[in-house]
Structure formats: C-alpha cells, structure tokens
Amino acid sequence: MLQISQLHKSYPIGDSSLHVLKGIDLSVEEGEMVAIMGSSGSGKSTLLNIIGMLDEADSGDYILDGLKIKDLTEKKAAVYRNKFLGFIFQSFNLINYKNALENVALPLYYQGMKRKERQELAMYHLEKVGLANWAHHLPKELSGGQKQRVAIARALAANPKLLLADEPTGALDTVTSHEIMAFIQQLNDEGKTILMVTHEEDIANMCKRIVRLRDGVIIEDTKVEQVRAEQHV
Ligand SMILES: Nc1ncnc2c1ncn2[C@@H]1O[C@H](COP(=O)(O)OP(=O)(O)O)[C@@H](O)[C@H]1O
Ligand SMILES: [Mg+2]
C-alpha cells in the first residue's frame, strides 16, 4: 500500500531549522491497522500529514499505491488525495454551518458528483455510523462522539483505500473513545487500511501494529495482539 524510505523533514525556525523527521523507513501493507506512537512533539502529525499528502518531505521517497508522490503535479496530487485518502482529526474538523449530511456530502461535491447522488451516498454513510436520524442537525447539536462519527462517515464517503487518523479519540471520554475504536476496528475487519496517531497505550493496543517515534526516528515497530474495543452502540 505504501513505502517510505529515508524520509526527512525540517521546519525553518528563524535563522535555523528544526529537524523533525530524521530518516524514516516505513512500509504498510493493505489491510493493516497501525498505531503511530510517541511523545508530544516527536513528529507523529508531521509524518501522518506527509503520508496524507497534506505536507511534503524535504528528502526521501514516498510511494503510495505504486505511485511516487513527489513526481505528481499539485493538481494530480489533489485528485489522488481525494480519491485515495480519508482523514479523521482529533477536533473533528466539521464545517459548523453545514449539517451532518452536508458535511459528509462535501468531499463528493469536490469529486463532481451530482447533488442527488451525493446526498444518497452521504445518507448511506450516515446510516452506517448510526446517525441517519441526525442528518439535518448541525455539529453544535451533536455530542463529541457523534461529531467524530460524522467525520468518519465523511472520511469514508469517497471510499478511500487508506484511512488516516490523527488522535481520533484525543477529545473524547473513555467510553466514547472505545465506541469510536470499535467502529474503526470494524472498518479494518472489512478490509480498510488504517493508520492512526495516538499517544495512549490502550488505544494503540487496539491496533495490530505499533510504530514508535522518538527524536525523529522509529525506535520500535512491532506487531501486537489486537485488543478489541468494547462496543456500546
Ligand atoms: N508548521 C510548523 N512549523 C514549525 N514547527 C513545526 C510545525 N509543525 C510542527 N512543528 C514542530 O515540529 C515538532 C513535531 O511536531 P508534530 O509532528 O506536530 O509532533 P506530534 O504530532 O508528535 O506532537 C514539534 O516540535 C512542533 O512544534
Ligand atoms: Mg500531533
């Protein structure tokens, strides 16, 4: 699914620079569920954003589904990103003046899908996350867990091959975190490849592999026995 080799990334800070990723090598196969761990500031989000084509590395290679990412034009990269990748964030990143259905339908609009078709597909995905009855509610009328489920439905609307999640349970209480993890595990059971940043051990143990970052390098990369999240929904 993806191969990364000798990836480096620095951020300029005044006259100097901060070397955040210092030669990352990482391969992920289709169907995996991987946790990226590390303390705050260790470069987890930077790595995930590069994998998600939201940011570019300074050097190294990144091949996604057989395609060398740095060879793509900006326009091609955007099309590829919309088709291939789904994102979930800690803070949900929903559009607050659009209702749940419109939020889920938005990526389909960017793909040029007709209104009726995208509304039907968005409704199908809202049903899958158990929120059909909340389709016409605004984000502010939803709980944190419901907002994250809308975000998951949105991430899945365009049927991406790879789902990227940056601290998806970071803003949720334990029970709700486990509900969201149960849902993500179910997606992985159905074959979706998942890459998730977390700094919580119990969340990481709900994945199948843990990659640990420290000071810009991978210090550990191990398969783990997956702990199943308790399902309350
Ligand atoms: N756009 C940026 N400009 C400058 N420094 C940044 C930027 N993004 C992140 N950093 C710095 O890079 C380091 C790694 O950040 P990040 O990847 O967000 O870490 P993590 O997600 O593991 O907490 C941190 O020290 C952070 O302050
Ligand atoms: Mg982060």
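Both ligands and their constituent atoms are indexed starting at 1 by order of listing.
- Side-chain contact between D25 and Q6: present, with at least one pair of heavy atoms (C-beta onward) separated by less than 4.5 Å.
- Remark: atom 26 (C) of ligand 1 lies closer than 4.0 Å to no protein heavy atom.
- Residues N93 and K147 have side chains that never bring a donor and an acceptor to within less than 3.5 angstrom of each other.
- Distance check on atom 3 (N) of ligand 1: some protein heavy atom falls below the 4.0 Å cut-off.
- Hydrophobic cluster membership differs between Y110 and V104, with clusters built from Ile, Leu, Val, Met, Phe, Trp and Tyr side chains linked at under 4.5 angstrom.
- Exactly one of R118, Q119, E120, M113 qualifies for a side chain to side chain contact (heavy atoms under 4.5 Å, CB included) with K116. That residue is E120.
- Here is the list of ligand 1 atoms found below 4.0 Å of a heavy atom in V20: 12 (O), 13 (C), 14 (C).
- Residue contact annotation: G38 has no non-hydrogen atom under 4.0 Å from ligand 1.
- Listed here is the closest heavy atom pair of A157 and L108: O-CD2, 3.6 Å.
- In terms of polar-atom proximity, defined here as any N/O pair under 3.5 Å, P12 makes no such contact with ligand 1.
- Residue contacts with ligand 1: G43 is placed with a nitrogen or oxygen under 3.5 Å of a nitrogen or oxygen of the ligand (distance criterion only).
- Salt bridge K128/E190: present, at least one basic N to carboxylate O contact under 4.0 Å.
- Ring orientation note: the planes of F87 and F89 are close to parallel, at an angle under 30° on the 30°/60° scale.
- For ligand 1, the atoms sitting less than 4.0 Å from at least one non-hydrogen atom of S39 are 22 (O), numbered in the order shown with element in parentheses.
- A salt bridge is absent between D166 and K44: the closest approach of a Lys/Arg side-chain nitrogen to an acidic carboxylate oxygen does not fall below 4.0 angstrom.
- Listed by first then second residue, pairs satisfying ring pair (Phe, Tyr, Trp, His ring centres under 6.0 Å) with a partner in residues 15-67 read H8-H19, not counting sequence neighbours.
- Under 4.0 angstrom from ligand 1, the non-hydrogen atoms of L18 all belong to its side chain.
- The Mg ion (ligand 2) has S45 OG as protein N, O or S atoms under 2.8 Å away.
- Within the 4.0 Å heavy-atom criterion, both parts of T46, backbone and side chain, lie near ligand 1.
- The CD1 atom of I88 sits 13.0 Å away from atom CZ of R149, with the distance rounded to the nearest 0.5 Å.
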